[in-house]
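Because the structure is a prediction, the values reported are computed rather than measured.
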Amino acid sequence: ALYYYIPIYAGRPLYSEKWARWNIFLLAIGSMLIWVHHLQTFPLPVALRAWITVSTLLLASGSGLTVMNLGLTILTSKGYNYKDPLGLTFLIALIGFIIGGVQALPNPINLINGVIHNTYYIVGHFHLIIWTLILLGFTGVFIDLLKETNPNLNFSEKARKLMIAGLIEWTVPFVLIGYLMSIAGYLGLLRRVIAYPSMFIPYMDAMSFLAEVGIPGLVITIATAIAEFVRTPTTRAVSTPSIPGSPGFTLSVNQKLER
C-alpha cells in the first residue's frame with residue numbers, strides 16, 4: 001500500500017521501481033523462509049540461531065531499502081500532501097514502520113536477543129508496527145475504498161480537520177505506549193507473566209491511560225469518513241435511446257441516487 005499511495009501524495013512517481021520490484025520479491029519470499037526469527041530464544045540450536053542472524057539481517061536490509069525508496073520519493077518531491085487525511089495516514093504508517101523497525105535491530109544478534117526476547121521489549125516492537133503501519137495502513141485503504149465507491153465523495157474542511165485530529169490522537173499515545181513497553185522490557189518486565197514486580201505498576205497504569213486516550217482517535221477518523229460517505233449522494237450518467245427523427249442524438253440524464 002505504501003508503494004502505491006506515497007507517490008500519489010508526493011505528486012511524483014516512485015523514486016525507483018526497480019528497487020521496489022526486487023524488494024517485494026525479497027520480502028515476499030524471504031519472510032516465508034525466516035519466519036522462525038520471531039521464535040528466536042534459547043535454547044534453539046546454534047546452527048539455527050546462526051541462520052536466523054544472517055537471514056534476518058538480510059531481510060532487514062530489504063526493509064531499509066523500502067524506507068530509502070519511499071523516503072527519497074517524498075524528499076525529492078515538490079511537497080508531500082500531508083494536509084490530506086489519506087496523505088497523513090500513509091505518512092504516519094511509513095514513520096511507524098521506521099520507528100517500530102529500528103527496535104527490531106537487536107533481535108537477530110544472539111548475544112542480545114537472549115536477554116530481551118521474552119520481555120516487553122519485543123511486545124513494544126511489534127505493537128508499534130501493528131498500531132502504526134498495519135492498523136493505519138488498513139484504515140487508509142478503507143477510506144480510499146469509500147472514495148472509489150463514490151467518486152463524488154470529497155471530505156469537507158470540517159471532516160478533514162476531524163480526521164487529522166483523530167489520526168494524531170491515535171498515533172501519539174500509542175507510540176508512547178510502544179516505547180513504554182520496550183523500556184519496561186529493557187528493565188526486566190517479562191511478557192506473559194501476570195505477577196510482575198510492583199516497580200512496573202506505574203508503567204502499566206500509564207499504558208492503560210494512554211490507550212484510553214488514543215482509542216477514540218481512530219474511531220473519530222473512521223466514523224467521520226463513513227458519515228461523509230453516507231451523506232454524499234451518488235451521481236451517474238444514464239444514456240437514453242436516440243430520439244426519433246434526430247439520428248445520432250443521445251440524451252444524457254444525471255440521476256441522483258440518494259442514500
Ile98 reachable from Leu65 in the ILVMFWY side-chain graph, under 4.5 Å edges: no
Are Leu153 and Ile220 co-members of a hydrophobic cluster defined by side-chain heavy atoms under 4.5 Å apart?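 No, Ile220 does not connect to Leu153 through the hydrophobic network.
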Could you check whether any side-chain N or O of His125 sits under 3.5 Å from a backbone N or O of Gly100, counting only pairs where one atom can act as donor and the other as acceptor? yes
Once rounded to the nearest 0.5 Å, what's the spacing between atom [atom1] of [X] and atom [atom2] of [Y]?
{"X": "Thr139", "Y": "Ile143", "atom1": "OG1", "atom2": "CD1", "value": "6.5 Å"}
{"X": "Ile116", "Y": "Ser182", "atom1": "CD1", "atom2": "OG", "value": "8.5 Å"}
{"X": "Phe200", "Y": "Leu190", "atom1": "CZ", "atom2": "CG", "value": "8.0 Å"}
{"X": "Ile8", "Y": "Thr73", "atom1": "CD1", "atom2": "OG1", "value": "12.0 Å"}
{"X": "Ile92", "Y": "Ile99", "atom1": "CD1", "atom2": "CD1", "value": "10.0 Å"}

Heavy-atom side-chain proximity of [X] to [Y] below 4.5 angstrom:
{"X": "Thr132", "Y": "Ile95", "value": "no"}
{"X": "Arg21", "Y": "Lys18", "value": "no"}
{"X": "Tyr186", "Y": "Thr119", "value": "no"}
{"X": "Met181", "Y": "Tyr121", "value": "no"}

Table please: side-chain donor-acceptor pairs of residues 155-170 below 3.5 Å, with sequence neighbours left out.
| from | atom 1 | to | atom 2 | distance (Å) |
| --- | --- | --- | --- | --- |
| Ser156 | OG | Ala159 | N | 3.2 |
| Arg160 | NE | Phe155 | O | 3.3 |
| Trp170 | NE1 | Trp131 | O | 3.0 |

Would you say Tyr82 has more than 12 foreign heavy atoms packed within less than 6.0 Å of its OH? no
Quick check: are there more than 12 heavy atoms from other residues, nucleotides or ligands sitting under 6.0 Å from CE of Met199? yes
I would like to know whether Trp19 and Met68 meet side-chain contact (heavy atoms from CB on, under 4.5 Å); could you show each step before the answer? CA-CA 10 Å; Trp19 290 2; Met68 182 181 297; 4.0 Å; yes
Do you know which two heavy atoms are closest between [X] and [Y], and how far apart they sit?
{"X": "Phe90", "Y": "Ile6", "result": "O-CD1, 3.8 Å"}
{"X": "Leu86", "Y": "Gly140", "result": "CD2-O, 3.1 Å"}
{"X": "Pro7", "Y": "Pro13", "result": "CB-C, 4.2 Å"}

Just to verify, what does Thr66 make a side-chain contact (heavy atoms from CB on, under 4.5 Å) with, not counting sequence neighbours? Tyr3, Asn23, Leu27, Leu70, Phe97
Dump the intermediate steps for side-chain contact (heavy atoms from CB on, under 4.5 Å) on Ile226 and Phe142, then the final yes or no. CA-CA 10 Å; Ile226 293 175; Phe142 172 73; 4.0 Å; yes
So which pairs with a foot in residues 4-14 pass side-chain hydrogen bond (donor to acceptor under 3.5 Å, both in side chains), sequence neighbours left out? Tyr5-Asp144, Arg12-Thr76
Going through the distances and angles, do Leu136 and Leu218 end up as a side-chain contact (heavy atoms from CB on, under 4.5 Å)? CA-CA 9 Å; Leu136 286 185; Leu218 197 60; 3.7 Å; yes
Apply side-chain contact (heavy atoms from CB on, under 4.5 Å) to the pair Ile177 and His127, showing each step before the final yes or no. CA-CA 9 Å; Ile177 293 172; His127 274 85; over 6 Å; no
